[in-house]
Number of protein chains: 2
Amino acid sequence: MAYRETEKMRLRKAENRQRILACAQQLVMEGGFRNAQVTQVASLAEVATGTIYRHFASKEELFAEVFRNATRREVQNVSESLAQPGDAIQRLELALTRFAQRALNRPVMAWALIAEPVDPVVEAERLQYRKAYADLFEQAIREGMSEGSIPAQDAGSSSTCLVGAIAESLVGPLSPAQGGYGEATKTINTDTLVNSIVRFCLQGLTGTGR
Amino acid sequence: MAYRETEKMRLRKAENRQRILACAQQLVMEGGFRNAQVTQVASLAEVATGTIYRHFASKEELFAEVFRNATRREVQNVSESLAQPGDAIQRLELALTRFAQRALNRPVMAWALIAEPVDPVVEAERLQYRKAYADLFEQAIREGMSEGSIPAQDAGSSSTCLVGAIAESLVGPLSPAQGGYGEATKTINTDTLVNSIVRFCLQGLTGTGR
DNA sequence: TGTAGAAGTGAATCATTATTCATTTATTGT
DNA sequence: ACAATAAATGAATAATGATTCACTTCTACA
C-alpha cells in the first residue's frame, strides 16, 4: 500500500488555500464583492475552478472567510485603540478616529465591508462584525460610566449609535456611486470630516462639547 | 384609418401601471426585494410577464420606482414632523421618534429600504433617500443654530450622523437574520429603544442631557 | 364590418455564474 | 517500477431569472 498524507503535502495544501483567500481578497479590494467571481479568483490564484471547491464548500463560504479576515484586522485595531492608556473618552476618540482614517485610506475595501450589497451569508458576517464593534464600544462606555467620565446611559444603544454614525458618515465618501473622494479633495477634507464625526459621537455619549 | 389613443385607454394603461407598482410593492413589503421576481409581480398583478416590460424598461427600473414611492412617504413624514411648531430640538425629537416608530411597525419594508442588499440601481436610490433625510435634518439643525437652541457645528456632518445612528439602531431589530423583534418583545422594548436613540442623537447635537 | 394600429401574451431564449465530475496528474511507500 | 491514494483540472452542466418577440387579442374609427 502507498499514499499517506505527509507534512509537506499538508503544508502545500494550506499554502494553496491561503493563496486562494489572498487572491479573493485582492479582487474584493480592487472592485468589491460584486466583481469577484469564482473563476476570477481561480485564474488569479493560478488554480483550476474546481480546486477552489476542494478548499471551500461554496463561493459564499469563501467570501465569508475573506470578509472575516478583513474584518478581524479592523476590529483588532479598534480593540487595541481602546486598550491604550487614558480615560474612556480619550480611548474612544482614538478608536473612532483611527477607524475612520483607515477606512478612508482603503476606500474600496471599506465600502465592501461596510455598505456594499452582498449575498446573505456575507451579510450575516457583516451583522456580526458590526456587533463586534458595538460590543467593544459598549465595554468602553461601561468603563467610562464606572470611572465617571461618561454619564449613566444605555451603553448598548449608545454603542450602536456610534457604529451607525461613523458608518453612515463614511458611506457617502466611500460610495463608488459618488466616485468616492477625488484624490484632490481627499487630503483636504478627511481630517475635518473625521473631526466632526468624532465630535458628534463623543458629545452624544457625554453630553459635553469639548 | 383607425386607432387613435383615447382617454379611456390612457386611463386603463395608467391603472395597469399602478397595479403593477402596487403588487411589486406588496411583494417587497412581504419578503423584501430578494424574493420579488418579475414573474411573481406579473402573476400577482394578473398580467403577463411581457406586460411588465411595456410599462417599465427593466426590472431595476420597476423596483427603483417602488423604492422611490415607499421612500417618498417616509421622507414626507419626516418633513411634516420638522414643520410642526416648536424649537428645532423639539421638532427633531418628534421627527426621529416618528421615523423609528414607523419603521418598527413595518419591519420588512423598513429593512428593505434601510439595509437589504439590493441591486445597483436601487442602491443608488437608497443613497439619494438617505441624503434626503440628511438634508431635512441639516436644515432643521441650521434653524436651531440660528434660533440658538443648537450650538454652532457642521450641520452637514451632524445630520449624516443622525441618519446613521438611527438607521443602525434599527438594523438589528429589523434584520430578518435576527428574526426581527419577536411579537412579544416588540411592544415592551420599542419605546425604550427609541428613547435611547433619540437621547443620544439630541445630545450629540446639543451637548446637553435632558 | 373592416382594418389599422396598439396592447397583451407567455413560452422560448439568453445571460450569467456557481458547481460538478470524469479524467488526468502527483505523491507516497514498498 | 508499481500500486494505491489523493489532488488538480476545466469543460460541461445546472440553476436562476430577466428579457424578448412572434403571435393573438383588443380598440377606435370610417
Side-chain angles (χ1 to χ4, degrees), chain A residues 1-21 23-24 27-28 31-67 116-123, chain B residues 1-21 23-24 27-28 31-67 116-123:
Chain A
M1 63 231 43
Y3 192 92
R4 186 66 11 136
E5 181 179 71
T6 183
E7 191 52 27
K8 173 188 162 197
M9 221 33 203
R10 188 186 343 276
L11 218 74
R12 164 148 24 152
K13 274 209 289 180
E15 272 167 24
N16 276 356
R17 201 188 133 93
Q18 270 315 111
R19 194 169 69 260
I20 290 167
L21 275 171
C23 292
L27 286 174
V28 172
F33 288 96
R34 189 174 172 69
N35 45 338
Q37 294 91 358
V38 176
T39 312
Q40 294 264 325
V41 175
S43 96
L44 189 59
E46 296 178 299
V47 296
T49 324
T51 304
I52 304 272
Y53 289 86
R54 250 164 210 288
H55 294 282
F56 302 91
S58 68
K59 183 199 173 173
E60 297 201 330
E61 286 300 321
L62 164 60
F63 283 101
E65 191 159 337
V66 169
F67 193 98
E116 184 184 2
V118 292
D119 68 53
V121 174
V122 176
E123 181 66 24
Chain B
M1 59 227 48
Y3 193 91
R4 185 73 2 143
E5 182 179 70
T6 184
E7 191 53 26
K8 172 186 161 198
M9 220 34 203
R10 188 185 345 273
L11 221 72
R12 168 153 14 155
K13 274 209 290 180
E15 273 167 22
N16 276 357
R17 201 188 133 94
Q18 270 316 111
R19 193 169 68 260
I20 290 167
L21 275 171
C23 292
L27 287 174
V28 171
F33 287 96
R34 188 175 172 69
N35 47 337
Q37 294 91 358
V38 175
T39 312
Q40 294 264 324
V41 175
S43 96
L44 189 59
E46 295 179 302
V47 296
T49 325
T51 304
I52 305 272
Y53 288 85
R54 264 173 196 283
H55 294 283
F56 302 91
S58 67
K59 183 198 173 172
E60 297 201 331
E61 287 299 320
L62 165 60
F63 283 101
E65 192 159 335
V66 168
F67 192 98
E116 185 185 2
V118 292
D119 68 53
V121 174
V122 176
E123 182 65 24

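Because only heavy atoms are used, hydrogens play no part in the values below, and waters and symmetry mates are left out as well, while side chains stay in. Letters A, B, ... mirror the listed sequences (proteins, then strands); counts begin at 1.
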Practice task
Can you tell me the distance, in whole Å, between the CZ atom of F63(B) and the C1' atom of dA18(D)?
Solution key: 11 Å

Handout entry: Euclidean distance, atom CZ of residue F33(B) to atom P of dA18(D) [Å, nearest integer]
Key = 13 Å

Any protein N or O atoms within reach of nucleotides 8-13 of chain D? Criterion: under 3.5 Å, listing atom names and distances.
| unit_1 | atom_1 | unit_2 | atom_2 | d |
| --- | --- | --- | --- | --- |
| dA8(D) | OP1 | N16(A) | ND2 | 3.0 |
| dA8(D) | N7 | R54(A) | NE | 3.3 |
| dA8(D) | N7 | R54(A) | NH2 | 3.4 |
| dT9(D) | OP2 | A48(A) | N | 2.8 |
| dT9(D) | OP2 | T51(A) | OG1 | 2.5 |
| dG10(D) | N7 | G50(A) | N | 3.2 |

For residues 52-61 of chain A, dump all side-chain donor-acceptor pairs below 3.5 Å to protein atoms at least two apart in sequence or in another chain.
| unit_1 | atom_1 | unit_2 | atom_2 | d |
| --- | --- | --- | --- | --- |
| S58(A) | OG | E60(A) | N | 3.4 |
| S58(A) | OG | E61(A) | N | 3.2 |

Handout entry: For atom CZ of R17(B) and atom P of dA7(C), their distance in whole Å
Key = 14 Å

Handout entry: E46(B) atom CD, neighbour heavy-atom count above 12 within 6.0 Å
Key = no

Completion exercise
Scanning both residues in full, the closest heavy-atom pair of A36(B) with F63(B) reads O-CZ, 3.4 Å

Handout entry: Atom-pair distance (CG on L62(B); P on dG17(D)), nearest Å
Key = 16 Å

Problem - Nearest-angstrom distance from the residue atom CZ of F56(A) to P of dT20(C) - result: 15 Å

Exercise for the section: State which residues pass salt bridge (Lys or Arg N to Asp or Glu O under 4.0 Å) with E116(A); sequence neighbours excluded, sorted by chain then number. Expected result: none

Can you tabulate the close N/O pairs, meaning under 3.5 Å, that link protein atoms to atoms of nucleotides 15-18 of chain C?
| unit_1 | atom_1 | unit_2 | atom_2 | d |
| --- | --- | --- | --- | --- |
| dA18(C) | OP1 | K59(A) | NZ | 2.5 |
| dA18(C) | OP2 | V38(A) | N | 3.2 |

Completion exercise
By salt bridge (Lys or Arg N to Asp or Glu O under 4.0 Å), E15(A) pairs with (sequence neighbours left out) none

Exercise for the section: Quick one: list whatever passes salt bridge (Lys or Arg N to Asp or Glu O under 4.0 Å) with E65(A), sequence neighbours left out. Expected result: R17(A)

Completion exercise
Heavy atoms of E123(B) and P117(A) approach each other most closely as OE1-CG, 3.8 Å

Problem - Euclidean distance, atom NZ of residue K8(B) to atom P of dA7(C) [Å, nearest integer] - result: 14 Å

Problem - V122(A) backbone acceptor or donor facing D119(A) side chain under 3.5 Å - result: yes

Fill in the blank from the handout: Whole-Å distance, N35(B) CG to dA18(D) P, equals 11 Å

